[in-house]
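Written out below as structure tokens is the structure these notes cover.
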Amino acid sequence: MIAKLAKTCTLRISPDKLNFVLSDKVANGGVSMWCELEQENFFSEFQMEGVSAENNEIYLELTSENLSRALKTAQNARALKIKLTNKHFPCLTISIELLSMSSSSRVVTHDIPVKVIPRKLWTDLQEPTVPDADVSIYLPVLKTMKSVVEKMKNISSHLIIEANLNGELNLKIETELVCVTTHFKDLGNPPLASENASQDRNSEQMAEVHIDIRKLLQFLAGQQVNPTKATCNIVKNKIVHFDLLHEDVSLQYFIPALS
């Protein structure tokens, strides 16, 4: 999923969590991503030592496809070990113990080059703050949404995404020649968000944001399976924030509005 969303990303390692982070400057129109895994859900043994006791973290920049490719070879593995090593340059070394026909096991090793990020650059890689949304709404089936957006991409490079507190979400494109809108109804709104926003907002009123259609499509293409929970938060004319939960993995993805 991450490899489809970001060519290179930062892996943040802390004692209890792993995060995949992408932080293209939103000011420059870039998307940002924060993906979180609780380490205890994935590893039976976990040892890490950060820079210092109070900054017990490690930040590594890597090519996501390299990590994805290495882990694919571990699908039928007996054991998998990930280590930070130094082989003339820093590497994430993945040792995979494969099952073999005989009693002896084969070990396959992948060395993935990484760049260790110095502490002075960590501030840009913190969890993004989620702005107060004008509207929060549950997303439709992402596969359906993706096929709609793929067709719209042939007509326009911009897309308007709008939603209200009545469970309605619209995807719109407008060009000089044509205006196309796809309506999703009865999606529901997260209870807390609805209460907070509805105090000063008419439930029928749409909040909209204009975004680059390719950025939305890239996000949708990265979703291999429909998540357990998927929410879209719209900050009018500023940003759209997607919040997804897949069993043990949470993903936040931010697409800024076109200026």
Side-chain angles (χ1 to χ4, degrees), residues 1-7 9-10 19-27 29-37 64 125-150 152-153 157-165 167-173 182-194 196-197 206-258:
M1 176 174 80
I2 301 293
K4 283 191 161 59
L5 293 177
K7 199 174 168 189
C9 69
T10 301
N19 297 98
F20 291 98
V21 185
L22 174 68
S23 138
D24 284 352
K25 292 279 174 288
V26 170
V31 296
S32 55
M33 164 189 85
W34 180 268
C35 180
E36 190 159 286
L37 294 73
S64 16
L125 298 164
Q126 299 311 302
E127 183 168 3
T129 49
V130 181
D132 289 336
D134 293 298
V135 168
S136 286
I137 190 165
Y138 292 121
L139 284 169
V141 174
L142 297 182
K143 209 171 166 184
T144 310
M145 200 170 158
K146 180 180 164 222
S147 65
V148 167
V149 176
E150 269 173 344
M152 288 179 156
K153 187 183 95 185
S157 59
H158 299 173
L159 174 111
I160 298 166
I161 184 165
E162 62 176 17
N164 64 17
L165 295 168
E168 297 171 323
L169 173 83
N170 298 333
L171 301 176
K172 289 202 301 199
I173 48 172
T182 301
H183 303 270
F184 294 96
K185 288 185 162 53
D186 305 322
L187 296 172
N189 303 85
L192 192 66
S194 309
N196 293 349
M206 289 285 179
E208 67 170 45
V209 65
H210 292 237
I211 56 171
D212 181 330
I213 201 163
R214 288 163 311 180
K215 288 176 180 162
L216 177 61
L217 202 52
Q218 186 175 14
F219 163 71
L220 293 169
Q223 308 313 313
Q224 308 299 296
V225 284
N226 211 46
T228 329
K229 191 176 119 220
T231 315
C232 167
N233 301 309
I234 295 175
V235 182
K236 206 164 91 190
N237 301 329
K238 284 206 174 134
I239 201 162
V240 57
H241 164 230
F242 295 101
D243 193 356
L244 269 52
L245 191 65
H246 293 274
E247 295 171 4
D248 293 327
V249 180
S250 71
L251 172 72
Q252 295 186 65
Y253 197 78
F254 299 80
I255 303 176
L258 292 165

Can you check side chain to side chain contact (heavy atoms under 4.5 Å, CB included) on F219 and M145, steps first, answer last? CA-CA 11 Å; F219 163 71; M145 200 170 158; over 6 Å; no

I want to check something: taking the side chain as every heavy atom from C-beta on, are [X] and [Y] in contact at a cut-off of under 4.5 Å?
| X | Y | result |
| --- | --- | --- |
| M33 | I2 | yes |
| M1 | H246 | yes |
| H210 | L159 | no |
| D248 | L37 | no |
| L244 | L142 | yes |
| V149 | L220 | yes |
| I255 | D212 | no |
| I234 | E162 | no |

I'd like to know whether NZ of K172 has more than 12 heavy-atom contacts from other residues, nucleotides or ligands below 6.0 angstrom.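 Enclosed.
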
Is the number of heavy atoms from other residues, nucleotides or ligands within 6.0 Å of NZ (K7) greater than 12?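 Counting other residues, nucleotides and ligands, NZ of K7 stays at 12 neighbours or fewer.
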
Does either side chain, that of [X] or that of [Y], offer a donor lying less than 3.5 Å from an acceptor on the other one?
| X | Y | result |
| --- | --- | --- |
| N19 | E36 | yes |
| E168 | H183 | no |
| S136 | N189 | no |

Candidate list N164, I160, V240, test side chain to side chain contact (heavy atoms under 4.5 Å, CB included), partner E208, passing option: I160

Does F184 have any ring-ring contact (aromatic ring centres under 6.0 Å, His included) partners at least two apart in sequence or in another chain, and if so, which?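 F184 satisfies ring-ring contact (aromatic ring centres under 6.0 Å, His included) with no residue once adjacent residues are dropped.
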
So, using side-chain contact (heavy atoms from CB on, under 4.5 Å) as the criterion, who are the partners of Q126 when residues are at least two apart?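 Applying side-chain contact (heavy atoms from CB on, under 4.5 Å) to Q126 gives Y59, W122.
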
Measuring from atom CG of L187 to atom CD1 of I137, what distance do you get when rounded to the nearest 0.5 angstrom?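 If I round to the nearest 0.5 Å, the distance is 4.5 Å.
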
Approximate separation, where rounding is to 0.5 Å, of L139 CG and K229 NZ: 11.5 Å

Mind running side chain to side chain contact (heavy atoms under 4.5 Å, CB included) on L251 and Q223 for me, showing each step along the way? CA-CA 10 Å; L251 172 72; Q223 308 313 313; 3.7 Å; yes

